[in-house]
Amino acid sequence: MVHVCQKSMKPYPQEQAFFVSSSVVAGRLLTVMQIAKEISLAAKNAKAIAERAGEKANSFKPITDFIDEMGRETIKLVEEINDQALSVSRSAVEELRCSDACDRFAQAAELLGDHKRANSLHEQVEHIKQDAQSQQKEVRKQANVLLDLLDRIWSCMRASGVISTRSRVEAVSADEYQDSLNVVAETIEKASERIKAIIRDCERTIHLSLK
Amino acid sequence: MKETIIYDEGYQWIMFGRDPEKPEGIIDTNQFMIKDGSRSVLLDPGGVEIFSSMLACVTRHADPSEITDIFASHQDPDIISSLGLWDKATPHAKLHAPWLWEGFIRHFGCNNIQYCGIADEGGEIELSHARLQFIPAHYLHSSGNFNIYDPKAKILMSGDIGAALEPEGAPMFVEDFDEHVQKMTLFHQRWMPSNRAKNDWVRRVRKLDIDIMAPQHGRLFKGDDVKRFLDWFEALEVGTGLKDSARSYA
């Protein structure tokens, strides 16, 4: 079964090995980074408009600070997620290597049959199995951290919905600056929707490969 | 995987190969083990795909913890792509391989095994009874490449030099040298890039006292066939891929 990625419309496998999906997440977050930069730029633009509007946009000024803060927080979170996604991918590769080693050692032990040294290989299989299990636990733990970080971005974006609504309300009293401020509100709204779509996809990708 | 003891006087040289279980489409390889008391050395232990068979064979002779050294003549996957698995089986072993390839070979996984780079001019390792010499064989075919010479057993493990492309189940030793030549010609002409390197190697190897020359693919050479090989190789023009490519696309 294939799932179609909304943005690029390229099909990608719905269930991927975890070491692949976590790297894919890291790659897709680069787009989030770009969008978060657009939000920061929109915040700077809003600040400039608010300065020009003077008293007419007084109530808009605190919102611009909030938008700016949200953009910076998103960029910081993306950087953190990127590091985390690559770290979890490395652990998943190590887990895969351990599992592969386990299978190949078990095959060797089988080939040895009842040879006196077969036990030594069985012991190694057990040892590597333990390594694989602890790697698996580590991967799960790191994956949960990754999901928490994605959730934090999601919360940020949910707050942006409130901000854009509030921006539109405040824009009404800004007379000739109303249209410009509405554009800012719309930019933020669209940017956060795009980010939410990517985060949703990333979360789904991770959940599927953790199954 | 078949095994043949090719030397057994105080310590053993064991050859593993002709694996009927190996997956289709991968080249057959000869692996070697030197068991000398409580220490054992693996020479060109092979690729990932034959690891299980190799580990089973090796374990019949020694506990994996007794593998103290591994030698990789060069960086090719059929030589050492199993390193990541040996790294788990023999975490305390040392890997002796060309210094030139360290950053490349480590891509196969080398977290526990200690990488001991062999200098361009060669070197040696001493076991309980055997003293193994690393003989430079650069550009034959790899740019950083070594053979192993054991002066006591009079065996030269020659890596890809002397290799032949054989059908499955070929005998262990060359029986008719003239007939064997056709199985070696293309391999040496196409894989070996340098006539100068080849002639330099022949000149140096002629000085060694060799009973068995053991390549990593195909049959082993014994007695007079070693000299026949050196004469044949000296006269052979190598690096022919360049001529072939001159005839193809610009």
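Chain letters run A, B, ... following the sequence lines, proteins first and then strands; every chain starts at 1.
- No donor-acceptor pair closer than 3.5 Å links the side chain of Arg104(A) to the backbone N or O of Ser52(B).
- By the 4.5 Å heavy-atom criterion applied to side chains, Leu85(B) and Asp100(A) are counted as neighbours.
- Contact of Leu111(A) with chain B is made through backbone and side chain together, with heavy-atom distances under 4.5 Å.
- Within 6.0 Å of the CD atom in Glu124(B), the count of heavy atoms belonging to other residues, nucleotides or ligands exceeds 12.
- Crowding of His115(A) atom NE2: a count of heavy atoms from other residues, nucleotides or ligands under 6.0 Å exceeding 12.
- Neither the backbone nor the side chain of Val58(B) comes within less than 4.5 Å of any heavy atom in chain A.
- The shortest side-chain heavy-atom distance between Leu121(A) and Pro64(B) falls under the 4.5 Å cut-off.
- Between Ala56(B) and Leu112(A), the shortest heavy-atom distance links the atoms O-CD2, 3.3 Å.
- Crowding of Lys94(B) atom NZ: a count of heavy atoms from other residues, nucleotides or ligands under 6.0 Å not exceeding 12.
- Between Asp87(B) atom CG and Arg97(A) atom CZ the span is 8.0 Å, to the nearest 0.5 Å.
- Residue contact with chain B, scored on non-hydrogen atoms closer than 4.5 Å, involves the side chain of Glu94(A) exclusively.
- When heavy atoms are compared at a cutoff of 4.5 Å, Ala62(B) approaches chain A solely by way of its backbone atoms N, CA, C and O.
- Note: Asp131(A) CG to Lys88(B) NZ = 6.5 Å, rounded to the nearest 0.5 Å.
- Around CZ of Phe66(A), the count of heavy atoms belonging to other residues, nucleotides or ligands within 6.0 Å does not exceed 12.
- Counting non-hydrogen atoms of other residues, nucleotides and ligands closer than 6.0 Å to CZ of Arg106(B) gives a total above 12.
- Around atom NZ of Lys222(B), no more than 12 heavy atoms belonging to other residues, nucleotides or ligands sit under 6.0 Å away.
- Within a 6.0 Å sphere centred on OH of Tyr139(B), heavy atoms belonging to other residues, nucleotides or ligands number 12 at most.
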